[in-house]
A.B. asks: 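Provided herewith is a single structure, encoded as structure tokens, for subsequent inquiry.
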Amino acid sequence: RCSRDWSSDVFSSDLAGIAELNPKLRAVLEVFEDVVANPDTDGPRRGGPFYGVPLLLKDVLSGLKGRKLENGSRQFRGNVAPATDPLIENYLGMGLVPIGRSTTPEFGWTFDTTTDYLDELIVTRSPWNLERTPGGSSGGSAAMVSAGVLPISMASDGGGSIRIPASFCGLVGHKPSRGLVPRNLSSSEYMTRHVYESVVTRTVRDTALALDGLARGPEGGFFIRATPAVSSFLSAIGDLPKRWRIGFSCGSWGARSPVDATVVQRLGEVAILLESLGHTVEEVKDADLCDFERLRRGYTTHNRAVRRGQIEAARQHGQSLEDLGKLMSPTYYQHMLTSQETTLFDLQRAFADNNASIRSFGHAMAKFDALLTPTLSIRVPKANGPYSPYSDEPFAPWFERLYDACRYTIPGNETGMPSVSIPAGLDADGIPIGALLHGKFGRDDMVLRLAAQIEAAKPEWFSPRPRHHITANP
């Protein structure tokens, strides 16, 4: 049970960790001083399974009433959440204590957590190597969990933003099935079907325990509601799988660039491990999974439509497109410009593409208990590097490179299928590489059971500590 009793110095070690490491990692935007003085300020439930455990709120999507929610953007600088969203209510219901806010790139855009909305360039860095990114867009949360400052922190995912930082930082990052965890009050599973919220942790057990508390919500809290397949995810992971049929792919999945050779090698090791545990591992052809060109078109068109909606909403508040250009990061603004070309027909076709992708993946997954792929096709890149929102290169090649890197995470966003990124060892530079376990829709329990089995068989993949860690000598 991951809870603690309050004492007079309840947050002393956590605050010391933030004070020591944040100047290097630049992962924390704000510490809630009133919570430091009184950890019960926001009403965490005493007796909850995580009572007394601090977490950071990612600065985008779900918010806590009265706290800043600035979306990493000048457009929302100073914005305060008007209500507490259901996800945050669930955190509090588990006894978690929001202690501050973590960094995110603007609107959770890209997996390089860099922002300048506070009038300085804040580059969040990996505790494994300060020259590398911790990933994103949940990079601030992942950096602090990986560095040992927190055991759990808020994360969200519109194209891989839970699973990518988990992969880059050696953590467990689970993207839930669509409708399992409630969305923020201002959106829904229909309006932005590709967005999900949850946590990053260091263990499968903590992820399962958190999901027990997250997979619930008030009446009216869901547009699409998925009923959990089990009464307890924590109990489910105690039942390790026996002889499963597991698909395996390091395919192109519609991308133009090859998968990094070291990533392929590490995934091969995971496949060999699964076979040694009694499972049948079978390589899957791309064509047997999905029409990846249709999936790509559906996902990118839906994203452009969301950006166009932002333009129209800004105009209603007196902000012109030129005004937005002065507020936004370069790549985000370029994405907004391309969104103006999106037509109603394009959007309707994107819904048809989404329908086809969901049915195709569903048909393919009927043959397997799980599907194993890399989390990312690349190794960890430089911070504020080739995937930075502050790149000045033309948008089309920048976005293609981004999409290609995320070829394995994006299908889960588009189809709603669950997946979990787990550590699969280190590369030659001592940097983590992640493996991604995809599951049948609604069967989050199955991917977590398989993840737990791998964790039990290979604890050394989950246990390395980064160079910049709270236990490291100064």
A.B. asks: Measuring from atom OG of S421 to atom CD1 of I162, what distance do you get when rounded to the nearest 0.5 angstrom?
C.D. replies: 11.0 Å

A.B. asks: Below 4.5 Å, heavy atoms only, C-beta onward: do S156 and Y196 meet side chain to side chain?
C.D. replies: no

A.B. asks: State, to 0.1 Å, how close E189 and F222 come at their nearest heavy-atom pair, and which atoms those are.
C.D. replies: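 In terms of heavy atoms, the two residues are closest at OE2-CD2, 3.8 Å.
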
A.B. asks: In plain terms, say whether E293 and R296 are close enough for a salt bridge, that is, a side-chain N and a carboxylate O under 4.0 Å apart.
C.D. replies: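 Result for this pair is no, no salt bridge flagged.
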
A.B. asks: Looking just at side-chain N and O atoms, do E89 and T84 make a donor-acceptor pair shorter than 3.5 Å?
C.D. replies: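 No, because no side-chain N or O of E89 sits under 3.5 Å from a partner of the opposite role on T84.
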
A.B. asks: Would you say the side chains of E70 and Y117 form a donor-acceptor pair under 3.5 Å?
C.D. replies: yes

A.B. asks: With sequence neighbours excluded, what pairs up with S102 under the side-chain contact (heavy atoms from CB on, under 4.5 Å) test?
C.D. replies: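 For S102, the residues satisfying side-chain contact (heavy atoms from CB on, under 4.5 Å) (neighbours in sequence not counted) are L56, K58, S141.
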
A.B. asks: Would you compute the distance between atom CH2 of W253 and atom CD1 of I410 and round it to the nearest 0.5 angstrom?
C.D. replies: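 If I round to the nearest 0.5 Å, the distance is 11.5 Å.
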
A.B. asks: Please walk me through it: do R26 and N22 pass side-chain hydrogen bond (donor to acceptor under 3.5 Å, both in side chains)?
C.D. replies: CA-CA 5 Å; R26 302 304 304 272; N22 198 52; 5.7 Å; no

A.B. asks: Measure the acute angle between the ring planes of H194 and H302, then classify it against the limits of 30° and 60° as parallel, tilted or perpendicular.
C.D. replies: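 Rings of H194 and H302: perpendicular, as their planes differ by over 60°.
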
A.B. asks: Quick one: do the T113 and T103 side chains pair a donor with an acceptor below 3.5 Å?
C.D. replies: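 T113 vs T103: no donor-acceptor pair found between side chains.
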
A.B. asks: With side chains defined as the heavy atoms from C-beta onward, is the minimum distance between L180 and P228 less than 4.5 Å?
C.D. replies: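 They are in contact (side-chain heavy atoms under 4.5 Å apart), so the answer is yes.
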
A.B. asks: Tell me, please, which residues at least two apart from D286 pass salt bridge (Lys or Arg N to Asp or Glu O under 4.0 Å).
C.D. replies: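 Result, salt bridge (Lys or Arg N to Asp or Glu O under 4.0 Å) vs D286: none returned.
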
A.B. asks: Can you find a side-chain donor-acceptor pair between R407 and T373 that sits under 3.5 Å?
C.D. replies: no

A.B. asks: Give me each pair satisfying side-chain hydrogen bond (donor to acceptor under 3.5 Å, both in side chains) with a member in residues 158-168, each pair once, sequence neighbours excluded.
C.D. replies: S137-S161, D157-R163, R163-N413, R163-S419

A.B. asks: To check you understand the geometry: which heavy-atom pair defines the closest contact between L209 and P49, and what is its length?
C.D. replies: CD1-CB, 3.9 Å

A.B. asks: Does any part of the side chain of T409, heavy atoms only, come nearer than 4.5 Å to the side chain of L436, both counted from C-beta?
C.D. replies: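 L436 reaches T409 side chain to side chain.
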
A.B. asks: Give the C-alpha distance, both sets of side-chain angles, the deciding distance and a yes or no for side-chain hydrogen bond (donor to acceptor under 3.5 Å, both in side chains) between S320 and D323.
C.D. replies: CA-CA 5 Å; S320 68; D323 293 332; 3.1 Å; yes

A.B. asks: Between Q310 and Q75, is there a side-chain donor-acceptor contact under 3.5 Å, judged purely by atom types and distance?
C.D. replies: no

A.B. asks: Between R266 and D427, is the salt bridge (Lys or Arg N to Asp or Glu O under 4.0 Å) condition met? List the steps.
C.D. replies: CA-CA 8 Å; R266 290 310 313 156; D427 67 13; over 6 Å; no

A.B. asks: Give the C-alpha distance, both sets of side-chain angles, the deciding distance and a yes or no for side-chain hydrogen bond (donor to acceptor under 3.5 Å, both in side chains) between T114 and D112.
C.D. replies: CA-CA 6 Å; T114 300; D112 182 318; 2.5 Å; yes

A.B. asks: Classify the ring geometry of H335 against F395: parallel below 30°, tilted from 30° to 60°, perpendicular beyond 60°.
C.D. replies: parallel

A.B. asks: Any donor-acceptor pair under 3.5 Å linking the side-chain atoms of Y390 with those of N384?
C.D. replies: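 The criterion, which ignores hydrogens and geometry beyond distance, is not satisfied for Y390 and N384.
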
A.B. asks: Do the side chains of E414 and R193 get close enough for a salt bridge, i.e. N-O under 4.0 angstrom?
C.D. replies: yes

A.B. asks: For residues F351 and Y190, establish whether the separation of their ring centroids is below 6.0 Å.
C.D. replies: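 Aromatic pair counts; centres sit under 6.0 Å.
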
A.B. asks: Tell me, do S329 and T115 make a side-chain contact under 4.5 Å, heavy atoms counted?
C.D. replies: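 With C-beta onward as the side chain, the pair stays apart.
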
A.B. asks: How about L327 and Q319: do any of their side-chain heavy atoms sit closer than 4.5 Å?
C.D. replies: yes

A.B. asks: Assess whether salt bridge (Lys or Arg N to Asp or Glu O under 4.0 Å) is satisfied between R349 and D346, documenting all intermediate values.
C.D. replies: CA-CA 5 Å; R349 186 174 61 180; D346 292 332; 3.7 Å; yes

A.B. asks: Can you find a heavy atom in the side chain of S177 that is under 4.5 Å from one in the side chain of R443?
C.D. replies: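 Result no, sub-4.5 Å side-chain heavy-atom pair not found.
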
A.B. asks: Within the structure provided, determine whether D119 and R77 are in side-chain contact (heavy-atom separation under 4.5 Å).
C.D. replies: yes

A.B. asks: Within the supplied structure, the quantity of interest is the number of heavy atoms (other residues, nucleotides, ligands) at a distance under 6.0 Å from Q348 CD; does it exceed 12?
C.D. replies: no

